[in-house]
Protein chains: 2
Amino acid sequence: MRDVARLAGVSQSTVSRVLSRSTSPIQISQDTVQKVLDAVDKLGYRPNLTARSLRGQKTNMIAIMIADISNPMYHSIVRTVQAIARERDYDVLIANTDHVYENELHFCEAIIRRPVDGVLMVPNHLSNDEIEQLIHITDIPVVVLAWPSYYPRVDAVYGDDLKATYDAVRWLVESKGHRRVGFIGVSRTLPPGERRRTGFDRAMTDAGLAVPPDYIQEGDFSIDSGQRAMRALLQLAQPPTAVFVCNDLMAIGAIDAAKDLNCRVPEDVAVIGFDNIPEATIIRPRLTTIAQYPVEMGQQMAHAVFDRIEGLSNGTRQVFEIPCRLIEREST
Amino acid sequence: MRDVARLAGVSQSTVSRVLSRSTSPIQISQDTVQKVLDAVDKLGYRPNLTARSLRGQKTNMIAIMIADISNPMYHSIVRTVQAIARERDYDVLIANTDHVYENELHFCEAIIRRPVDGVLMVPNHLSNDEIEQLIHITDIPVVVLAWPSYYPRVDAVYGDDLKATYDAVRWLVESKGHRRVGFIGVSRTLPPGERRRTGFDRAMTDAGLAVPPDYIQEGDFSIDSGQRAMRALLQLAQPPTAVFVCNDLMAIGAIDAAKDLNCRVPEDVAVIGFDNIPEATIIRPRLTTIAQYPVEMGQQMAHAVFDRIEGLSNGTRQVFEIPCRLIEREST
DNA sequence: ATGAAAGCGCTAACAT
DNA sequence: ATGTTAGCGCTTTCAT
């Protein structure tokens, strides 16, 4: 920048003014602007954003922490967020936690030590205290993709998966006539795991149906774990006739395992998933699933942070529900 | 940091020394160290990495540019790179280009303006000049996942997909007896598109087999585009009996389209993919494909940059071939 | 309309 | 072994 100033025959602060003309009220002569711009061109000069960040308390960067880079759900979210960020000339730092608590902590630590202007995250283990602390230390707007109750003072975008699960299970029982319904979930220590399980339990209770302990299997979101869980279910003396699976990846694995055991889907066992990832329409039978709307989620999250970053939204907390919807295909 | 110094009753530079004790030759009294550490603890102080970067010319950050966040191939690469980076206390900036040239350029621009210590990338459009320029401006080590010939002075990790394609097509013809072989590729402006197409053409020529122009279809790596391409192929008056598909995602779409048209795979049409993503073993028939080894690729790439960052490797360019391998399953 | 100067939070000579 | 000082490349008062 000094070089540019020298070449243009102006002071370094003038160069700075020309280059960050966003701060409007100051007038610069047309002539000077041109000289500076020419010099910038000639030298191929680019401002150093690290320095700008240090000085300006504005990094032009936001961070997004997702839970699983292999889950297509998050791809749409990330893509959407990136697109919105790009429009505003922000870079996006992506972190992937693989649902591991230590990684979530590490992310917070990284943000504290290398501040950004805003944070989006899908916290699975982080306590409210930990998030509060992050905000307190960094004073950065945070928006979570999570049920708002967990993080009471943070903007939240969420899908009502408890209700969606409940409704889907009741539908399985009432419209589809199933009485033996199994469940492939994930650890209840994970908020979605807990909620979907609760939705399931309530639906079964309200339907007056008992669920043998063996009918509840636990996976880890992966195709593999879905296969294992389904295998366990089908090898029971009296296997379920329908299985609610907590995400599509596991549901895909479950259907695969069923086929392997010569079990027809949906005739012998019906399967319903969660997420509505693109693959759900590719496998056969096409997967019945509960759709989430990742593009909308990404949009809401991004707009929520940027509104705060730009001071458009003040203190009041924002909460957005993006409803889920059952999509019936061939697996039920 | 000043606060810590004050609380510990030492100078600010002493705090700095204690905290970045990596620079070994300097001795600090045990007592001082303790005082500083206590103060750090008490204040919950964390160094600001932005400032450290600005001053030290070391950011403790590397960037990775991948071509498609939806392609599971890249997930393993990213995960592996992240793991290795984490061990060394580096953060990873992930960028996704969706195979778009402008996004690749934007990435370079972003790196120039916000320097990192090393860059990994999967360039699809970037010319050698553009990469040279990036290196010239930033003086950062760059390693690419690409054929070394494109970027002659940059460390490269690559799979020999031309040969793998050639071999697979010959195998289709000689061992499997196919004489009408179709091809679903991607734009030849993309290096892998060009190479795989070349491999295909050579194999067919060497086998003495003609390829009608209609047998060559072009997609964009996505499941959808694979479906469309396969539909076009199967609606030909004389459709191919085997189709080589340039990636698994499109191959999955292709198989789906074949089923839709009541075409049996592999009896009526054999399909072979490329990548060996996890889904390849999930769909039915299980996909015959050419495996790439993303974990190894990620490891080599990461080690190559870190070796340079840490000065372990000097000027001489490194090149690693990670061979591909045909995995025969049920779709051929 | 422009320049001079201070300082963002840190590291690394250079002193002592 | 520790303190003093000079920047890293920028933005932003404060002067003029």
Side-chain angles (χ1 to χ4, degrees), chain A residues 1-37 39-40 43-61 89 111-117 137-140, chain B residues 1-37 39-40 43-61 89 111-117 137-140:
Chain A
M1 184 148 157
R2 201 168 28 217
D3 298 344
V4 174
R6 192 152 26 220
L7 181 60
V10 299
S11 80
Q12 189 240 40
S13 43
T14 299
V15 176
S16 172
R17 280 194 202 97
V18 172
L19 263 29
S20 37
R21 122 203 55 190
S22 46
T23 45
S24 37
I26 293 138
Q27 297 295 337
I28 310 164
S29 86
Q30 204 44 52
D31 189 46
T32 310
V33 170
Q34 203 46 56
K35 277 190 302 189
V36 170
L37 259 29
V40 164
L43 264 46
Y45 165 81
R46 266 84 145 209
N48 177 322
L49 296 192
T50 305
R52 187 176 284 179
S53 304
L54 182 58
R55 169 61 224 228
Q57 312 303 38
K58 179 104 172 9
T59 64
N60 264 267
M61 226 169 140
D89 209 34
I111 295 302
I112 291 174
R113 294 163 39 148
R114 199 192 302 280
V116 294
D117 295 339
I137 294 178
T138 61
D139 196 32
I140 291 174
Chain B
M1 185 148 157
R2 201 169 28 220
D3 298 345
V4 174
R6 193 154 26 221
L7 181 60
V10 298
S11 80
Q12 191 239 41
S13 46
T14 299
V15 176
S16 172
R17 280 194 201 96
V18 172
L19 261 31
S20 37
R21 120 204 57 193
S22 45
T23 45
S24 37
I26 293 137
Q27 297 294 337
I28 309 163
S29 86
Q30 203 46 52
D31 191 44
T32 310
V33 171
Q34 202 49 55
K35 276 189 301 188
V36 169
L37 260 27
V40 165
L43 264 43
Y45 165 82
R46 264 85 147 209
N48 177 323
L49 296 192
T50 305
R52 187 177 284 179
S53 303
L54 183 58
R55 169 63 224 224
Q57 311 305 36
K58 180 107 169 11
T59 63
N60 265 267
M61 226 168 141
D89 209 33
I111 294 304
I112 291 173
R113 296 162 38 145
R114 199 192 301 283
V116 294
D117 295 340
I137 294 178
T138 61
D139 197 32
I140 291 173

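Throughout, a chain's letter reflects where its sequence line sits, starting with A, and its residues are numbered from 1.
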> Within this structure, what is the CE-to-C1' distance between B:M1 and D:dT5, rounded to whole angstrom?
Replying inline: 14 Å

> Atom CG of A:D31 and atom P of C:dT2: how far apart are they, to the nearest Å?
Replying inline: 8 Å

> Taking atom C1' of D:dA1 as reference, at what distance in whole Å does atom CD of B:Q34 sit?
Replying inline: 17 Å

> Looking at B:R52, does any N or O in its side chain come under 4.0 Å of the phosphate oxygens OP1/OP2 on C:dT11?
Replying inline: yes

>> Measure CG/B:L19 against P/C:dC10 and give the value in whole Å, please.
In response: 9 Å

> According to a strict under-4.0 Å criterion, is B:T14 in side-chain N/O contact with OP1 or OP2 of D:dG3?
Replying inline: yes

>> Can you measure A:I28 atom CD1 to C:dG3 atom P for me and round it to whole angstrom units?
In response: 11 Å

> How many Å lie between CZ on A:R113 and P on C:dT11, as a whole number?
Replying inline: 11 Å

> Do the side-chain N or O atoms of B:T32 get closer than 4.0 angstrom to the phosphate oxygens (OP1, OP2) of D:dT2?
Replying inline: yes

>> Taking 4.0 Å as the cut-off, does a side-chain nitrogen or oxygen of B:S13 come that near to OP1 or OP2 on D:dT2?
In response: no

>> Let's go through B:K58 and B:N60 carefully: what are the C-alpha distance in whole Å and the side-chain angles of both, what is the deciding distance for side-chain contact (heavy atoms from CB on, under 4.5 Å) to 0.1 Å, and is it a yes or a no?
In response: CA-CA 6 Å; B:K58 180 107 169 11; B:N60 265 267; 3.4 Å; yes

>> Show the nearest heavy-atom pair for residues B:T50 and A:S53, with the distance to one decimal.
In response: CG2-CB, 4.0 Å

> When you check the phosphate oxygens OP1 and OP2 of D:dT11, does a side-chain N or O of A:S16 lie under 4.0 Å from one of them?
Replying inline: yes

>> On DNA chain C, does the nearest nucleotide to A:Q12 precede the nearest nucleotide to A:K35 from the 5' side, or the other way round? Give the residue.
In response: A:K35

>> In whole Å, I'd like the distance from the CZ atom of B:R17 to the C1' atom of D:dA1.
In response: 8 Å

> Between the main-chain N or O of A:T59 and the side-chain N or O of A:D117, is there a donor-acceptor pair closer than 3.5 Å?
Replying inline: yes

> Taking for each residue the nucleotide of DNA chain D with the nearest heavy atom, is it B:L54 or B:V10 whose nucleotide lies nearer the 5' end?
Replying inline: B:V10

> Where the side chain of A:P47 is defined as all heavy atoms beyond and including C-beta, which of D:dC10, C:dG3, C:dC10 is the nearest nucleotide?
Replying inline: D:dC10

>> Less than 4.5 Å apart, side chain to side chain, heavy atoms only: is that true for A:R46 and B:I137?
In response: yes

> A:T32 and A:S29: which non-hydrogen atoms are nearest, and at how many Å?
Replying inline: OG1-OG, 2.7 Å

> Separation of A:R2 atom CZ from D:dT11 atom C1', in whole Å?
Replying inline: 15 Å

>> For a quick test of reading the model: is some side-chain N or O of A:S29 closer than 4.0 Å to OP1 or OP2 of C:dT2?
In response: yes

>> Given the structure, check if the side chain of B:R55 and the base of D:dG9 hold any donor-acceptor pair shorter than 3.5 Å.
In response: no

